[in-house]
Every structure is written in structure tokens, then in C-alpha cells.
Amino acid sequence: MARQYSLHRHPQVRIDYAAELNPQQLAAVQAPPGPALVIAGAGSGKTRTLTYRVAYLLENGISPSNILLLTFTNKASREMLERVESLLPDRTAGLWGGTFHSIGNRILRRHAEAAGYRSGFSIMDREDQADLLNAVIASQGISTKKSKDAPKEKRFPKGEVVADILSYALNTGLPLEEVLAQKYPHFIEYQAQLELVDRDYGQRKKAANALDFDDLLVQPLRLLENNEEIARFFRAQFQFILVDEYQDTNRLQAEFIDILARDHKNVMVVGDDAQSIYSWRGANFQNILEFPKRYPGATVYKIETNYRSIPEVLEVANAAISANLRQFEKHLQPARSASGVKPALVALENANDQARFVTQRIEELRESGADLRQIAVLYRAHYHSMELQMELTRAGLPFSITSGLRFFEQAHVKDVAAFLKFVVNPRDEVAFKRMARLLQGVGERSAAQLWAAVEKGVSARGGLPGSFYGLLMPEKPLKIPAKAEKEWKQLAHTLDEIAPGGIPRAPAEMLSGVIEAMYGDYLAAKFPNAEARSEDLNTLANYARQYREPAEFLDQLALMTGLDTEETRPEADAEAVTLSSVHQAKGLEWRYVFVIWMADGMFPTARSLEDEDAIEEERRLFYVAVTRAEDELYLTYPLLRLNAAYGEMIQRPSRFLEEIPKDRLEEWQVM
């Protein structure tokens, strides 16, 4: 007789949704089938709402395999699926959840041949993509000589920059000509060559059976558009589609959702139009704004209870966003009690005083028991943090930077500094080689060979070159790589301009001269974020105005990139203040938040002031900054700003500050 053995069955979990959710969240979670737009305000529990929506569908008999959850990061997808699993153990197997790119990849893996690829195709990362584009550019023999109509010689963009140009065109659906005019005017003259590069790049990818990241959006969409049988299969499978951060979707992502939801329209998108801040990378604000038009009959749910911030902060946030005309009206309601502490509005005399104020206030918060990990300083652009990084370093306060390297450690800052180092000390081998490697065709070996020749010339002149042009262009010509001949001559002229007769000019003048004569074009061709790096260099030139002696300025740079920073460089997970651009702070929160450089031309940026759409996005960015604060918020700006060309300039407060009723802020007068 067979032995009997009983399996222990997990009891069926029934979630008490009304007890777990507030009324607005509950309405969205229990929404009937059909299109739905959930406007989830900052700190209102967006992730919680999506998680419980998935659980609600599962509890109501929807198979996991019939649910598609689309997110923008693997972390967000993993977090939501783990939460659902904790609510309903062993009930999520088969659920499709992931980023748009990962879901696109899964579809292509299943139907590679139908999409025009062989099974086992490769996926190129950004470095692979740039390498292949550089190979295409080289194979075409594209000249970097100026065109007949070009005002001055420009470099053809490197593969990494070309990748950004082509990617933006793909994700927005804009023609290349328009993309160049709007975002990359520096390269308009190269439109024809870029179109050829794009064509050959596509052919090389196909021959290699390889896809880049954009292909993981483009190719699945084309597959579904061109193969009705496959499209029908996935439409039948994904009966319920949920989308996180819908305000960040681009054209391709929105169309991907549309084609999958075409028959049943059971699509719920969750997001916050007031936090749509990524147009620069192709996100289309119209997607969320016009969702009710895209899906007639869509129900709009609003979740407005904020669990993060004190009421005083939320009053500022609500006032900040209210000036935007194109939005879904909402009013964040606090779940927390009032603290009696209004956000502070602090005007300082200049950028150095602003840095000193923020540093001193952080020290006071620390002394009162605050953990530095609960303090953040946010800014519109990375270069806004330069003075603060210096002041925090002097104070010995550890800080971490989420928006990039420390200011003085960035490649472009070191590049331009090399020019100054060399004219101050013509025996500086490292500075010379760094400067030489910026030229086309000059690598480590040729830089070393050039240095050997130049060093002999310096020694022969007793260390004083007199004329740098004569040093670099002697009667017996140096062996210059063919590609670098014109730039080498330009380098010689530039060094003579910044140090006539071998005597260095003032640091600010030299920096401006290097940027204008040589480095500006290099920057545009080399780096995808050339505009931000250019702003860094302008800030460096402005900062340099306070120094007359080049050696003193260079000493300060060396100290800020050397041993002085070791004490303030935190270990992983160590206690440290966070310095971050507002873009990279989205989704995060801190007890104490400082938003610095709140002046017109800085936040909002100067280039946005004449464009209403751009101003509205800047205002949304300010709203994001304000809503990162839990307990205390400080809004600061300097009254004066150094300008490399004009000296000190008076700044007006950001227009966003003027839109906030005065009684919502407490003005601090700093002595």
C-alpha cells in the first residue's frame, strides 16, 4: 500500500485594500478595465499604487502572463515585483515586468528572424556603439577640413557624439536636419556626411547581427507594425498593461504601448506631469498631457496626499508649479503635521558667501544631531557646485557627488589647465603631453616623441621659450602626424596669444583664449554633453578672475584635485553630504535640502528665458527640487556673479522665487 503524504497549501491571501491604501490610491488600484491615467503627485505613493494594482489584478483572476509592467529602470521593476511577491507569495510567476528595452529584447529574442536578425544577436553597449561609429567614420574617409561655407575649421564629431545625435533623432522622430538645427548647430554643415554615417552604421550593425540600445525600441515596434500575426499574439497575451513614469516616455515608447493596447485599451499609465523634466533626452511631455485624447474615454485619477514633506514645504511646491499653464491641476495635501518652520529664502552677496552659508548651516545641522546622509545640496547644473565643493573641502565636511566627478577632477578642466601649466612651466612634461594628445592623430607615442623634441628646444633656450611659436615651429620642422599639422600650428599660435613673449597673461584671459581658439571645437566634437562642459569652463574662467598670478591660480587647482580632497572623499555608505543636479535627484528625498543659485539665467537657465515651453519645464524642475525636502528647505542665490568678460554682474532672483507668495517663505538676512 502506497504511503500517503500531504502537501501544506499556502493559505489564500486576501488583501484588505481599503485598510492599506488611502481613498485616492484605492480608486486607482480598483479601477475597472479600460484606459486610465493616474496622476501621482510627488511623495504620494506612486510605487505603492502600482504594486497594489498588480496584486489586485492577480487576486481578481488575471493570469500573471497576461500582465505587462513597463518601467524605466530595472531597479524600479525589481522593487515592484518583489513587493507584489511579498503581498501574494508564489503568485507572480510568468508576469512580464521590466524596462522598455528589456521587454523589447525579450520580444526580439523570440522572433529574431521575423525582425530580420539571426538568433543569438549581440547587443552593443554605448562604448561598442561609439567604436563602431568611429570605424564607419574612418572607413568613409570623412575629412575634418572646414567646408567652403564654414566660418572656421571644425572637427567632425566623434562616435560618441554621433551616437547621441542619431539617438535623439530616432527617439523623437525628428528629421536629422531639425535635430542639428535645434540641438547641435555646431555640426549643421556635416548633415550630408552624418546621413551617410547613419546609413553605413545601420548596414554594419546588420552585417554583424548586432543591435544598439535604440534598436531595442525601434526594432520591436517595427516588428509589431509589420507583422500582424505576431502583433496579434502579444496583444492577446498582454491583456493589462501598466506603465510607470509615463511622463518620461518618448515617441517610440508611447507607440509601443499603443500598438499592444490597440484592441482592449486596458492600459494604466502612472506618472506626474509636474515632474516631466527630460525633454533634452527625447521624452515627450505631450504623451502624458494628451493621454485622454490619445485614449478617448480614459479615466483620470489623481493621488495628491504627500507623505514626505511638512505642510510648509508643500505650500511652496504648490505655489511653484501653479504658474504653469499646461498641466493637470493638482494640489499636494500633507499627511504630516505642520512644524512651524517655513522654507528659508537666503540672498548672499556672491557665490563664495553662498558656499560659506551652506557649509556653515550644514555644520550647525550636524552639531544639532543631523546625519550628513540626510542633507543634500541641489543645483541646476554641475558647475554651480564649484565654490561649494571648495568650501566643503576647506571645512573638512565629507561629500559625495551624484552628478559627476568633483569639479576640478573633470577631464575638460584638466585639459585647459594643461595649457596654462605649460606656459607657466615649459618643462612640465605631463602638461605638454596632455595638451598634445588633444590634437588629432597624436597618441601616447607621438606625444612622447614630440616632447623629446620640444624639451631639447626648451633646454637650448635656458627654460625660457620667448616665442612658443618659434619653439613649436623651428626652422627644422618637427615630425608632426599628418592629421595634426594644422592643429599643431594653431597650438603654437594659441600659446603665443596667451603668453606673448613667453610671459603668461592673467589666468582668466588665458582660459578664455584657449577655449575660444582651440578647445571649444574639441569639446563639441568629443563630448556628448559639450554644452554643460562649456559652462563648467566659463565658470572656471570666472573663478580665475580673482587671481592675477597664474602660478597662484594653478596652485589652487592642484590643491583642489590633490591631497586636500582625500579627507573629504567618503567611503562607500559613509556619512556624507549629497551634492546633486536636480535631474539626478528625482525620486530621492532628504530631511534637509538646499537649492542653490536660484537666480535668473542660472535657474531657470539663460537659454530657456525666451521659450515658454522651456520655462515651464524649468519650473517643473524647480518643483522637483522643492519636493525632495522632508523637513527643512533652503533657497539661496548670490546677488553678484563674476563674469569672465565683464567682471561682477548684478543678478536678479529667479522668477520662480517671485511667483511664491512672500508669506510662504522666511527671509534670512545674512550679515
Side-chain angles (χ1 to χ4, degrees), residues 10-64 66-73 75-92 95 97 239-247 266-275 288 291-292 295 298-311 313-314 317-318 328-337 586-589 627 630:
H10 290 293
Q12 287 294 315
V13 178
R14 297 300 299 181
I15 300 171
D16 186 348
Y17 293 94
E20 297 286 334
L21 304 166
N22 68 38
Q24 291 179 328
Q25 293 171 336
L26 181 65
V29 164
Q30 296 184 334
L37 168 61
V38 181
I39 300 296
S44 66
K46 170 181 64 67
T47 300
R48 185 177 185 82
T49 302
L50 263 176
T51 299
Y52 276 84
R53 174 62 175 177
V54 174
Y56 180 78
L57 292 174
L58 293 173
E59 279 208 319
N60 280 272
I62 305 302
S63 170
N66 292 140
I67 299 173
L68 173 62
L69 173 62
L70 290 163
T71 64
F72 273 83
T73 65
K75 180 183 176 184
S77 174
R78 199 163 49 244
E79 180 183 350
M80 279 187 255
L81 292 177
E82 286 172 356
R83 288 194 190 183
V84 175
E85 180 65 24
S86 69
L87 292 172
L88 300 173
D90 304 322
R91 301 275 291 277
T92 61
L95 193 153
Q239 289 294 308
F240 287 85
I241 300 171
L242 296 95
V243 187
D244 187 25
E245 303 285 14
Y246 187 71
Q247 78 279 351
N266 290 333
V267 55
M268 174 179 281
V269 300
V270 182
D272 184 4
D273 59 297
Q275 297 187 68
I288 191 166
F291 184 85
Y295 288 85
T299 305
V300 179
Y301 299 89
K302 293 182 182 179
I303 304 176
E304 299 169 297
T305 301
N306 175 286
Y307 295 91
R308 175 185 300 153
S309 307
I310 59 171
V313 169
L314 294 185
N318 287 326
F328 291 101
E329 287 191 18
K330 71 185 74 65
H331 192 83
L332 293 177
Q333 301 289 340
R336 296 179 59 189
S337 301
K586 184 173 175 289
L588 304 176
E589 56 192 43
T627 54
E630 297 175 0

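Every heavy atom of this structure was used, including side-chain atoms; hydrogens, water molecules and symmetry mates were not.
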Nearest-0.5 Å distance that lies between atom [atom1] in [X] and atom [atom2] in [Y]:
X: Tyr52; Y: Ile15; atom1: OH; atom2: CD1; result: 6.0 Å
X: Ile303; Y: Arg48; atom1: CD1; atom2: CZ; result: 11.5 Å
X: Ile39; Y: Tyr301; atom1: CD1; atom2: OH; result: 13.0 Å
X: Glu79; Y: Thr47; atom1: CD; atom2: OG1; result: 5.5 Å
X: Arg14; Y: Leu88; atom1: CZ; atom2: CG; result: 9.0 Å
X: Leu332; Y: Thr627; atom1: CG; atom2: OG1; result: 7.5 Å

Would you say the side chain of [Y] lies within less than 4.5 Å of the side chain of [X], judging by non-hydrogen atoms?
X: Arg53; Y: Leu57; answer: yes
X: Thr49; Y: Val270; answer: no
X: Tyr295; Y: Val269; answer: no

Kindly say whether His331 contributes a backbone atom to a donor-acceptor pair with the side chain of Asn318 at under 3.5 angstrom?
->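 The answer is no, because no donor-acceptor pair under 3.5 Å joins these two groups.
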Any sub-3.5 Å donor-acceptor pair from Arg308's side-chain atoms to Ser44's backbone N or O?
->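 Side chain of Arg308 to backbone of Ser44: no pair is present.
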Who passes side chain to side chain donor-acceptor pair (under 3.5 Å) against Lys302, sequence neighbours left out?
->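 Applying side chain to side chain donor-acceptor pair (under 3.5 Å) to Lys302 gives none.
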Heavy-atom pair of closest approach, residues [X] and [Y]:
X: Asn306; Y: Ala42; answer: ND2-O, 2.6 Å
X: Thr92; Y: Glu85; answer: OG1-OE1, 2.8 Å
X: Phe291; Y: Ala298; answer: CE2-CB, 3.9 Å
X: Ile62; Y: Leu58; answer: O-CD2, 3.5 Å
X: Ser77; Y: Gly97; answer: OG-C, 3.4 Å
X: Ile288; Y: Asp273; answer: CD1-N, 3.9 Å

Which pairs count as side chain to side chain donor-acceptor pair (under 3.5 Å) when at least one residue sits in residues 21-35, sequence neighbours excluded?
->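 Qualifying pairs: Asn22-Tyr307, Gln24-Glu304.
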Leu50 pairs by side-chain contact (heavy atoms from CB on, under 4.5 Å) with which of Val29, Val38, Asp244?
->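 Only one of Val29, Val38, Asp244 forms a side-chain contact (heavy atoms from CB on, under 4.5 Å) with Leu50, namely Asp244.
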Decide yes or no on salt bridge (charged side-chain N to carboxylate O under 4.0 Å, His left out) for Glu245 and Lys46, but give the supporting numbers first.
-> CA-CA 9 Å; Glu245 303 285 14; Lys46 170 181 64 67; 3.6 Å; yes
